[in-house]
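Worksheet for the structure shown next.
Source: prediction; values computed, not measured. Here is the naming used below: chain letters follow the sequence lines, and residue numbers restart at 1 for every chain.
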Amino acid sequence: MAVDAPLQVYNTLTRRKEPFETIESGRVRMYVCGVTVYDSAHVGHGMSAIVFDVIRRYLEHRGYDVRHAQNFTDVDDKIILRAHREGITPDALTERLIDEWLADTDALGIQRATVYPRATQEIGPIVAMIEGLIERGHAYPVDGDVYFRVRSFSDYGKLSHRQLDDLLSGARIEVDERKEDPLDFALWKAAKPGEPSWESPWSAGRPGWHIECSAMCSTHLNGVVDIHGGGADLIFPHHENEIAQSEAFLGQEPFARYWIHNGLLRLGDEKMSKSLGNMVRIREILDRGLGPAFRLMVLQSHYRAPLTFSEEGLQAAERGLARLRTAASDAASPLASEDNAETASTDILPLVAETQSRFHAAMADDFDTPGAVAALFDLGRAINRVRGTGVASPEVEAARVTLVELAGILGLTLEDVAVPLAGDAAPFIDLLVRVRDDLRAAKQWALADTIRDGLVAQGIAVEDGPTGSTWRRA
RNA sequence: GGCGCCAUGGCCAAGUGGUAAGGCACGGGUCUGCAAAACCCUGAUCGGCGGUUCGAAUCCGCCUGGCGCCUCCA
């Protein structure tokens with residue numbers, strides 16, 4: 001593999017790209033905020049999952065041993081409300097939605113995290129951390145609740161680059177007289193009647209939203225992590241609060257070395273979000289077989305930039321993906337020699353090397369997937385060009401293998417997917433296509449066209465080449 | 001009101017000091033019984049104004065337009 005350039009990673013905390021250095025040599029501890037499971041996952045979640053999946057795949061490609069933790073927030077107001085509406089227990093609801101999440105992300109080709117801790121299964125460590133914060137004077141109990149004392153943490157605001165006083169001027173914060181400061185946030189909430197609860201020194205209750213991630217980083221990633229990621233909408237207050245809790249508790253900084261945030265997916269001119277109700281579920285695009293196209297669409301935009309989700313964008317990606325698949329296909333048909341075949345085929349070797357270096361340089365520069373993808377398209381075009389001359393040479397095969405491997409680092413599978421998708425029908429389609437070939441040889445074009453049209457109507461594209469016909473799923 | 005981001009060809013989208021990646025679409029070709037696929041050719045001086053510089057899409061200022069966060073949110 002080509003020598004990799006030093007990896008540069010953009011850090012939200014410092015607002016600049018920094019050389020990537022891990023706490024432990026060769027190992028990466030990565031914590032990515034997961035979802036609150038009260039509804040199905042939408043494509044915005046899918047985008048985030050794909051972004052961090054690619055980051056992880058690339059780090060692993062560079063030889064890092066990545067320990068990846070992603071939480072499920074499985075207790076909160078919305079879950080309780082939703083479960084009540086459906087007439088089921090919160091547990092039944094979250095169990096179902098977690099299964100759904102795993103099925104959806106699996107189908108998107110996302111590697112499973114190393115661990116998927118759940119808030120309700122981390123109560124012990126959470127309570128311990130809250131006790132520690134109270135002991136250190138960073139938190140205080142009130143009527144069974146426990147709040148974090150924001151003024152006790154001098155660095156508060158450093159991630160989102162805000163001043164405490166600026167935040168107050170926002171004036172959208174409900175004033176709770178029991179809190180010392182309006183910005184103090186809950187670490188523990190006493191349960192109301194009928195709500196799920198766990199015993200604690202302060203009340204039967206449940207953890208606040210932010211504390212679970214801090215506790216999970218402690219129990220699953222040794223407290224301090226290399227990468228802490230999530231959507232840009234988590235920067236404030238969630239990640240800001242996590243920093244306050246963890247650094248106040250640990251008595252050291254930084255709690256996370258690199259804060260990585262993906263830009264948000266938009267629908268039309270506004271952010272896609274559950275609260276706005278303008279979501280498109282991941283399942284909807286998976287059912288249409290557009291999962292891979294969605295991944296390519298995400299990759300063709302930089303992860304930190306916002307991306308607008310659109311049907312046209314999906315279709316454009318699907319077309320582009322088809323071209324890459326053609327180039328990566330094993331089944332390309334060789335033909336008798338052509339004059340320019342030899343030159344074309346030898347010229348491709350330097351391009352293979354160039355593609356490798358372009359790809360790696362792009363990825364090493366803060367995961368510039370659009371640049372990496374552009375290199376793949378250039379290589380794909382070169383392969384198709386040589387193929388067009390009908391020559392299958394070792395050089396082209398080398399290019400093809402490179403294309404497939406590099407795409408694999410991005411989680412894109414290019415090799416033949418048509419036959420498996422056609423399932424049991426494949427042998428019959430093969431038969432029809434062979435019969436049609438005989439008809440064409442006999443110049444029985446009307447009949448040949450009838451067969452082709454029939455297959456097309458069934459979603460099978462038939463393409464006639466110099467040495468016979470091939471088919472693929474359209 | 002505070003903090004921040006963005007504005008690149010028809011659409012999407014990289015590039016952050018040396019004279020504009022890539023994808024999709026359109027048009028014109030090659031190939032082909034036809035079709036499809038594939039390949040080839042064709043298109044932008046980078047929102048506006050001013051400044052810094054030998055040189056700016058790329059740095060600075062102002063303006064216009066759009067977006068995000070400040071409240072649950074990937």
Residues in contact with RNA chain B, drawn from residues 96-107 of chain A - heavy-atom cutoff 4.0 Å: none
B:A21 pairs with, by Watson-Crick or G-U criteria that keep both distances under 3.5 Å: none
With C1' as the reference atom in both, quote the distance from B:A36 to B:C69 in angstrom, rounded to an integer. 49 Å
May I ask which nucleotide in the shown strands pairs with B:G65, Watson-Crick or G-U wobble, both distances under 3.5 Å? B:C6
Below the 4.0 Å mark, does B:C40 have OP1 or OP2 next to a side-chain nitrogen or oxygen of A:Arg381? yes
Candidates B:C34, B:A74, B:C69 - which lies nearest the side chain of A:His42: B:A74
Can you classify the ring geometry of A:Tyr303 versus A:Phe367 as parallel (below 30°), tilted (30 to 60°) or perpendicular (above 60°)? perpendicular
If I pick the P atom on B:G17 and the same atom on B:C60, what distance separates them, to the nearest angstrom? 12 Å
Does B:G2 have OP1 or OP2 under 4.0 Å away from a side-chain N or O of A:Arg162? no
Under 4.0 Å, heavy atom to any atom of RNA chain B: which of residues 431-445 of chain A qualify? A:Arg436, A:Arg440, A:Trp445
Decide yes or no for A:Arg178 and A:Tyr147: does some side-chain heavy atom of the first lie under 4.5 Å from some side-chain heavy atom of the second? yes
Note, A:Val462 side chain near A:Val456 side chain (heavy atom, < 4.5 Å): no
Geometric class of the A:Phe72/A:Trp101 ring pair [parallel <30°, tilted 30-60°, perpendicular >60°]: perpendicular
Residues two or more places apart in sequence or in another chain: which of them pass ring pair (Phe, Tyr, Trp, His ring centres under 6.0 Å) with A:His238? A:Trp209, A:His210
In whole Å, measure the gap between the C1' atoms of B:A21 and B:U30 for me. 26 Å
